[in-house]
Amino acid sequence: MVGWVEDPETYPIQPKAHSLEFLREVAHLRPRTNVIGACTRVRHTLAMAIHRFFHERGFVWVNTPIITASDAEGAGELFRVSTLDLANLPRTPDGKVDFSQDFFGKEAFLTVSGQLNVETYCQALSKVYTFGPTFRAENSNTSRHLAEFWMIEPEIAFADLHDDATLAEEFIKFLIDDLLTRRPDDMAFFDQRIEKGLLERLRHVLETPFRRLPYTEGVAILREAQGKGAKFEFPVEWGKDLQSEHERYLTEQHFRQPVVLMNYPKQIKAFYMRLNDSGTDGAPGDTVAAMDVLVPGIGEIIGGSQREERLDVLDRRIDEMGLHKPDYWWYRDLRRYGTVPHAGFGLGFERLILFCTGMQNIRDVIPFPRAPKQAEF
RNA sequence: UCCCCGAUAGCUCAAUGGUAGAGCGAGCGGCUGUUAACCGCUAGGUUCCUGGUUCGAGUCCAGGUCGGGGAGCCA
């Protein structure tokens, strides 16, 4: 140890319990505390395990770009990347900002997902994944959202939705098992101080097969539960997305185990998800091969799908959703020049850490959280 | 962005509209084979900001800022 605390009167970290809220305000000093230290080691261990899981199975890590010119998924607000002088913006004749004079010669943003990019490498290398930072400019003020977070997105060729679900289940179980084996000290700490019963919860996930069921059946179960007196704030109706309370009822009350919900109504899912045959799983309307993995205590932790490989169907979906087809020219090319069925999913790294540690606030499991009005350190 | 709650000493929190306190921490001294120990003394405050009501505001009112919980969006 070098040096002394120059003024003990003002040194904020004391030999006593501090609130996590307070420690967030001293993010440059909080790594010296036991909780943040444990979170940081667990984060590292999980990151290593993620790479090992994929590497051992022949996946190739693809570094997708952080700066992108396409709002690929249409998912969420984007952070703009620009070198234009904000005080003196170049204008086109009709008064709009002239982005042709910007650094990239067009509008550019921070990525919201590496998925569309990683699909291009999936078409060549079969088993690939991304693991890197992702950005959402949404004004989300919750304990589960960050403006900058890390995401894991595997993509596998010659695979359908069930292959995807199997990969997701093996992935989650591998990570939990690896973490319990390599960090028993930190995990005992979390079990004792952060969430009583954490180890039991994780072992239960490890030992229980994930329950797969169609969205349509999930809706039926929820409506039946309502008939028996279960109260939900939001209505349960086929064709609407399930609310957090519905997802948590299924995984925490009804099944008491991880649940993979599959085959959602097409109108609530993204354009690139593969259209199912009409009536799949007895659905009253058209569905797509999408899945959400729900776990007790967190709710949705993984979202994935089989991708639409048929160009004519893909084009119809792009039109239906009012998207601008020319923006997706290279994504469509993947179908024009030979393609294979493929599938993948996305997992928020910090949400995984919450799930594995019992920590409550996502801002405590990333070293320097970025959120609305928060970028101090 | 919406709903609810909050902001007072370094930290965690008290304070019927009437002199701002405690515990912990800190400094000094004492005691003690201590383990988040004990005793005494001392220092430490623009009560988040702006405005308003009032003889008088930490307290009541309005607006704002920031934080927490929940929701939406989603990962």
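Reminder, nothing fancy here: chain letters follow the sequence lines and each chain counts from 1. Just so it is clear, the model here is predicted, and its values are computed rather than measured.
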statement: When rounded to whole Å, the NZ to C1' distance for the pair A:K240 and B:rC73 reads 16 Å
- prompt: Under 4.0 angstrom, heavy atoms only, what part of the nucleic acid is A:F234 near: base, sugar-phosphate, or nothing?
  reply: sugar-phosphate
- request: Can you tell me, in whole Å, how much space there is between the P of B:rA62 and that of B:rG6?
  value: 14 Å
field: N/O (side chain, A:R144) to phosphate O (OP1/OP2, B:rC73) under 4.0 Å
entry: no
- prompt: If we take the P atom in both B:rA36 and B:rC2, what is their distance in whole Å?
  reply: 47 Å
task: To the nearest Å, give me how far apart CD1 (A:I152) and C1' (B:rC74) are.
output: 16 Å
- request: In whole angstrom, give me the gap between the C1' atoms of B:rG30 and B:rC49.
  value: 46 Å
Protein-nucleotide distance (A:H246, atom NE2; B:rG70, atom P), rounded to Å: 17 Å
task: Could you tell me the separation between the CD1 atom of A:I156 and the CG atom of A:L125, rounded to the nearest 0.5 Å?
output: 14.5 Å
- line: In whole angstroms, the gap separating P of B:rC73 from CD1 of A:I268 amounts to 10 Å
- request: Name the residue closer to the 5' end of RNA chain B, choosing between A:N139 and A:E233 according to the nucleotide with the nearest heavy atom.
  value: A:N139
message: Using the ring centroid of each side chain, check whether A:Y328 and A:F271 are separated by less than 6.0 Å.
response: yes
- request: Go through the N and O atoms of the side chain of A:S140 and the base of B:rC74, and report whether any donor-acceptor pair is under 3.5 Å.
  value: no
- prompt: Whole-Å distance between B:rU1 P and A:H145 NE2?
  reply: 15 Å
statement: When A:Q123, A:E309, A:R307, A:E119 are each screened for side chain to side chain donor-acceptor pair (under 3.5 Å) with A:T339, the one that passes is A:Q123
query: Under a 4.5 Å side-chain heavy-atom rule over Ile, Leu, Val, Met, Phe, Trp and Tyr, are A:F255 and A:V236 clustered together?
result: yes
task: Could you walk me through whether A:F54 and A:F131 pass ring pair (Phe, Tyr, Trp, His ring centres under 6.0 Å), step by step?
output: CA-CA 11 Å; A:F54 288 127; A:F131 184 12; 8.8 Å; no
- request: Flag the pair A:F109 / A:F79 as yes when their ring centroid distance falls below 6.0 Å, and as no otherwise.
  value: no
Between the protein and nucleotides 64-68 of chain B, which nitrogen or oxygen pairs are less than 3.5 angstrom apart?
| from | atom 1 | to | atom 2 | distance (Å) |
| --- | --- | --- | --- | --- |
| B:rG68 | OP1 | A:R24 | NH1 | 2.4 |

query: Think A:T142 has a side-chain N or O under 4.0 angstrom from the OP1 or OP2 of B:rA71?
result: no
field: B:rA7 to B:rU12 separation - P atoms, rounded to the nearest Å
entry: 12 Å
- request: Give one of base, sugar-phosphate or nothing for A:I301, where a contact means two heavy atoms less than 4.0 Å apart.
  value: sugar-phosphate
- prompt: For A:P258, does its backbone N or O pair with a side-chain atom of A:R211 as donor and acceptor, under 3.5 Å?
  reply: no
- prompt: Between A:E300 (CD) and B:rG72 (P), how many Å, whole number?
  reply: 12 Å
task: For B:rC66 versus B:rU50, give the span between their C1' atoms, rounded off to a whole number of Å.
output: 15 Å
field: C1' atoms of B:rA71 and B:rU16, separation to the nearest Å
entry: 37 Å
- prompt: How close or far is atom C1' of B:rC11 from atom CG of A:L29, stated in whole angstroms?
  reply: 14 Å
- request: Please determine which of A:F53, A:Y129, A:F59, A:F210 meets the ring pair (Phe, Tyr, Trp, His ring centres under 6.0 Å) test together with A:F171.
  value: A:F53
task: Calculate the interatomic distance between A:R136 atom CZ and B:rU1 atom C1'; express it in whole Å.
output: 17 Å
query: Using the C1' atom in both, what is the distance from B:rA37 to B:rU32, to the nearest Å?
result: 8 Å
field: Point-to-point distance, once rounded to the nearest 0.5 Å, from OH of A:Y264 to OG of A:S305
entry: 11.5 Å
- request: Write down the atom of A:M187, the atom of A:V42, and the distance for their closest heavy-atom approach.
  value: SD-CG2, 4.3 Å
- prompt: Within the distance-only criterion (no hydrogens, no angle test), does the side chain of A:D292 pair as donor or acceptor with the backbone N or O of A:L261 below 3.5 angstrom?
  reply: no
Pairwise C1' distance for B:rA57 and B:rG52, with rounding to whole Å: 11 Å
field: Most 5' of A:E245 and A:A147 on RNA chain B, judged by nearest nucleotide
entry: A:E245
- prompt: Between B:rG72 and A:Q243, is there an OP1 or OP2 to side-chain N/O distance shorter than 4.0 Å?
  reply: yes
task: Taking Watson-Crick and G-U wobble pairs with both distances under 3.5 Å, convert RNA chain B into its dot-bracket string, 5' to 3', dots for unpaired and | for cross-strand pairs.
output: (((((((..((((....[..)))).(((((.......))))).....(((((..]....))))))))))))....
